[in-house]
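Only one structure is covered here, and it is reproduced in the block below.
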Amino acid sequence: MKVIIAEKPSVGREIAKVFGATTKKDGYIEGKGYTFTWAFGHLLQLAAPQEYGYYGWNVQNLPMLPKKFKLAIRKIKTKNGLVEDPGVRKQLDIIKTLFDEATEIIVATDAGREGELIFRYIYYYLKCKKPFKRLWISSQTDAAIKDGFRNLKPGTDYDTLFNSAHCRSQSDWLVGMNATQALSLSSRSRGVLSLGRVQTPTLAMICARYLENKNFIPQTYYQVAMQLDKDGQLFKAISEKNFKTREEAQAVLDLVEAAGLIESVEAKPRKEPPPLLHDLSSLQQEANKRKGFTADQTLSLLQNLYESKLVTYPRTGSRYIGDDVFAEVPALIAKFNHHTEFGKQATLLGETKLNKRSVNAKKVTDHHAILPTGETPRNLSADQQAIYDMVSGRMLEAFHGDCIKEITKITVLSGSKFMASGTVIQTPGWRAVFNDKDEEKKDEENATLPKVTQGEILPIVDKALLEKQTKPKPLYNEASLLKALETAGKEIDDEELRQAMKDSGLGTPATRAAMIETLLKRNYIAREKKNLVPTSTGLSVYEVVKTHRIAQAELTGAWEKRLEEIRGGASVSEFQEEIKTYTRDITRELLLAGKEMVLS
DNA sequence: GCAAGGTC
């Protein structure tokens with residue numbers, strides 16, 4: 001008997017379906033000589049410090065450097081503290097029984113570093129010795145699955161990938177556990193002061209932005225505005241220059257005459273391509289902007305929709321689909337032909353050539369972009385419906401044509417030079433789907449401009465001196481923080497580190513929402529209206545760690561570079577030694593620095 | 001009491 005193990009039930013069932021296996025059992029499916037089972041993500045994790053004899057929280061234990069890491073069944077929090085997750089225990093028992101009976105195992109966990117780790121941790125924990133092969137596919141269409149099974153890889157091909165995954169896991173444990181205890185103990189804080197490779201740079205970003213915003217000194221500047229009249233249609237023009245002093249602006253204002261000469265008129269069409277399909281992060285950002293949902297709420301609503309088979313896999317980091325999935329898109333779009341809001345646009349799309357901007361198999365990683373499945377939704381809550389509409393509306397947008405705008409710039413002479421600009425949508429294209437108001441217009445922009453010609457002289461009906469102030473960068477909210485986490489590392493000077501981080505950023509799509517919740521739970525940050533601001537505790541921690549590597553995105557870049565080398569066959573023990581050295585250093589530094597910490 | 005990673 002061959003046993004196929006997937007990362008999650010949905011994938012296990014999908015593969016079983018392709019094989020025509022139909023006998024559903026508790027925790028697996030049988031048929032056609034195969035058994036299909038699954039994990040629920042990571043069933044096993046690196047064991048807690050006490051499993052290595054480090055009891056209690058004690059400076060004497062630090063740094064904790066286990067000789068050999070152990071695995072433990074995933075825990076859940078109950079009122080009696082941490083206990084083994086019974087569902088996980090049960091599934092692990094099922095997997096053990098199946099592995100014991102197996103002649104061969106086929107590994108169908110997600111095609112990536114963590115997918116490899118999920119399987120290997122199970123395999124080694126169960127002390128399994130059966131041979132295994134690897135299924136490596138990036139979409140779960142019938143064709144992709146069949147093709148993948150014709151091209152199974154030897155399991156050992158992925159040994160170095162497992163090494164890199166295991167190193168990632170151990171390193172996060174070593175640095176996180178030790179740094180957390182070191183700072184919590186030395187600061188004599190009442191609560192836990194947690195630190196980690198991802199959470200601490202995130203906290204640092206929030207704190208740095210908050211301080212920059214709070215300490216910003218606004219600069220006053222001046223502009224001169226006028227209103228011109230073209231056959232009764234008024235429009236606004238602003239001085240070409242900004243002025244540092246009121247006097248300079250006043251002088252320009254005084255020179256404005258009763259009429260202005262149209263010096264030039266420039267009208268250019270601009271094509272605006274449709275947005276890409278959603279990945280989790282872009283959807284979380286949009287839901288935060290449109291509905292004020294937190295990243296965590298959006299993920300949980302999307303998970304509900306996924307479990308009801310209404311949308312595809314939610315925790316994806318790709319905004320693209322492959323050609324195989326694209327082949328199914330026309331039929332999917334047609335399902336929305338009678339939708340109350342999008343029906344007209346869906347029908348229209350059915351008659352036109354689809355935009356293939358979101359189609360690129362090379363940019364599909366473990367999972368493709370989020371799409372509706374085409375199943376008809378029933379009894380959705382208002383919030384679920386809102387998320388579902390964002391997913392399906394985005395699909396219609398993504399395959400729509402460009403939006404064509406006309407950007408007009410007019411220069412007016414009256415004493416000095418003035419500019420008027422306006423944007424008119426000529427062909428809405430994808431913008432017809434939601435028919436939203438255009439993104440926030442600059443206040444000097446006119447909604448529409450009258451037709452004027454060069455050389456014309458128009459009466460000036462009003463003029464004024466405007467006093468304005470420069471504005472600081474805004475505080476982070478969930479949407480802008482998620483964006484910043486995705487792009488973290490883009491400004492690293494070191495070319496190699498920047499390169500190593502360019503596809504990842506800080507954290508992963510699956511973990512970012514939970515990480516924001518962790519910072520809130522630790523009382524490091526708080527929600528203030530839609531903004532995320534640091535608390536006094538958060539700022540105190542930031543002050544202590546801000547100059548250390550643990551507070552910088554570069555640390556992730558440096559690790560990613562080394563992990564990629566390990567995947568390519570480089571020495572594991574060398575990296576492990578570096579991490580141990582770093583762990584000793586950061587622990588020692590924090591044991592000292594924490595003593596100086598001011599906690600209110 | 002602690003990380004980051006995955007998912008019901």
Side-chain angles (χ1 to χ4, degrees), chain A residues 6-12 27 38-51 54-58 61-64 69 71 74-77 81-82 85-91 109-110 112-122 164-185 189-202 280 299-300 302-304 306-308 313-317 366-367 485 504 506-515 517-519 521-523 550 555-556 559-560 563 579 583 586-587 590:
Chain A
E7 179 153 328
K8 42 192 168 269
S10 64
V11 176
W38 45 77
F40 307 126
H42 276 296
L43 301 182
L44 297 157
Q45 52 193 186
L46 296 180
Q50 62 266 25
E51 306 290 328
Y54 305 119
Y55 298 109
W57 286 45
N58 192 332
N61 288 337
L62 303 185
M64 303 175 285
F69 275 96
L71 295 172
R74 188 212 300 168
K75 306 289 188 295
I76 45 168
K77 281 212 165 89
L82 286 180
D85 184 327
V88 167
R89 164 109 247 169
K90 185 178 163 200
Q91 188 65 12
T109 48
D110 291 354
R113 194 164 76 193
E114 291 303 321
E116 192 63 29
L117 193 64
I118 285 170
F119 166 70
R120 298 279 184 134
Y121 274 181
I122 294 170
S164 78
H166 193 32
C167 280
R168 197 280 306 146
S169 178
Q170 291 171 338
S171 306
D172 277 326
W173 191 102
L174 287 170
V175 171
M177 296 292 188
N178 282 294
T180 297
Q181 287 201 16
L183 186 65
S184 301
L185 289 168
S189 153
R190 268 177 293 139
V192 173
L193 299 180
S194 67
L195 298 174
R197 171 180 60 85
V198 175
Q199 63 172 265
T200 306
T202 307
L280 174 61
L299 176 54
S300 137
L302 200 58
Q303 175 72 18
N304 294 153
Y306 170 64
E307 285 167 22
S308 316
Y313 179 75
R315 293 175 213 84
T316 174
D366 308 11
H367 304 277
L485 290 174
S504 54
L506 272 177
T508 70
T511 57
R512 284 180 191 133
M515 209 255 316
E517 297 303 313
T518 298
L519 294 177
K521 196 171 75 188
R522 297 268 177 274
N523 189 31
I550 196 171
L555 183 65
T556 292
W559 286 17
E560 286 299 337
L563 292 170
I579 293 294
T583 301
I586 186 72
T587 304
L590 289 170

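Residue numbers begin at 1 in each chain, while the letters A, B, ... track the order of the sequences.
In this structure, CD of Gln45(A) is placed 12 Å from C1' of dC2(B), rounded to the nearest angstrom. Taking atom CD1 of residue Ile579(A) and atom P of nucleotide dA4(B), one finds them 14 Å apart after rounding to whole Å. Distance Ile118(A) CD1 to dG6(B) C1': 5 Å, rounded to the nearest Å. In this entry the distance linking CG of Leu563(A) with C1' of dA4(B) reads 13 Å, nearest Å. As rounded to whole Å, 11 Å separates atom P of dG1(B) from atom CZ of Arg522(A). Across the protein-nucleic acid pair, Phe69(A) atom CZ and dA4(B) atom P stand 14 Å apart, rounded to whole Å. In this structure, the OH atom of Tyr306(A) is 14 Å from the P atom of dG6(B), given to the nearest Å. The CD-P distance, from Glu517(A) to dC2(B), rounds to 15 Å in whole Å.
Gly115(A) and Thr109(A) make their closest contact through O-OG1, 2.8 Å (heavy atoms, listed as atom of the first residue, atom of the second, distance). Heavy-atom minimum distance, Arg113(A) versus Ser164(A): CD-OG, 3.4 Å.
Within the 4.0 Å cut-off from OP1 or OP2 of dC2(B), not a single side-chain nitrogen or oxygen of Lys75(A) is found. Between dG5(B) and Thr511(A), a contact under 4.0 Å exists linking OP1 or OP2 to a side-chain N or O. For Gln199(A) and dA3(B), the shortest distance from a side-chain N or O to OP1 or OP2 is below 4.0 Å.
Comparing dT7(B), dG5(B), dC2(B) against the side chain of Arg168(A) picks out dG5(B) as the nearest. Across dG1(B), dT7(B), dA3(B), the shortest atom-to-atom separation from the side chain of Ala510(A) is found for dT7(B). The side chain of Arg197(A) sits closest to dG5(B) out of dT7(B), dG5(B), dA3(B). Residue Val192(A) places its side chain closer to dG1(B) than to any other of dG1(B), dG6(B), dA3(B). Residue Pro9(A) has its side chain nearest to dT7(B) when only dC2(B), dA3(B), dT7(B) are considered. Taking only side-chain atoms of Val198(A), from C-beta outward, the nucleotide of dC8(B), dC2(B), dG5(B) with the closest atom is dG5(B). Ranking dA4(B), dC8(B), dT7(B) by closeness to the Glu307(A) side chain, first place goes to dC8(B). Ranking dG6(B), dA3(B), dG1(B) by closeness to the Glu114(A) side chain, first place goes to dG6(B). Closest to the side chain of Gln303(A), out of dT7(B), dC2(B), dC8(B), is dC8(B).
Looking at heavy atoms from C-beta onward, Trp38(A) lies out of side-chain contact with Lys8(A) at the 4.5 angstrom threshold. Side chains of Leu195(A) and Leu590(A) form a contact here, defined as non-hydrogen atoms less than 4.5 Å apart.
Contacts of Lys90(A) with the nucleic acid, taken as non-hydrogen atoms under 4.0 Å apart, are absent. Residue contacts for Leu174(A): at a heavy-atom cut-off of 4.0 Å it reaches no nucleic acid atom on any strand shown. The residue Gly115(A) sits apart from the nucleic acid: no heavy atom pair falls under 4.0 Å. Backbone-only contact: Asp110(A) has heavy atoms under 4.0 Å from sugar-phosphate atoms and none from a base. Residue contacts for Gln170(A): at a heavy-atom cut-off of 4.0 Å it reaches no nucleic acid atom on any strand shown.
No more than 12 heavy atoms of other residues, nucleotides or ligands lie within 6.0 Å of NZ in Lys90(A), so this atom counts as exposed by the packing criterion.
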Chi angles and distances behind the side chain to side chain contact (heavy atoms under 4.5 Å, CB included) call for Leu302(A), Leu280(A) | CA-CA 9 Å; Leu302(A) 200 58; Leu280(A) 174 61; 3.8 Å; yes
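Remark on DNA chain B: of its neighbouring residues Arg74(A) and Ser194(A), the 5'-side contact belongs to Ser194(A), judged by nearest-heavy-atom nucleotide. Between Tyr54(A) and Arg315(A), the residue anchored closer to the 5' end of DNA chain B is Tyr54(A), taking for each the nucleotide with the nearest heavy atom.
To the nearest 0.5 Å, atoms CH2 (Trp57(A)) and CG (Leu62(A)) are separated by 9.5 Å.
Residue side chain Trp57(A) meets the stacking definition with respect to dG1(B): its ring centre sits within less than 5.5 angstrom of the base's six-membered ring centre, and the planes differ by less than 30 degrees.
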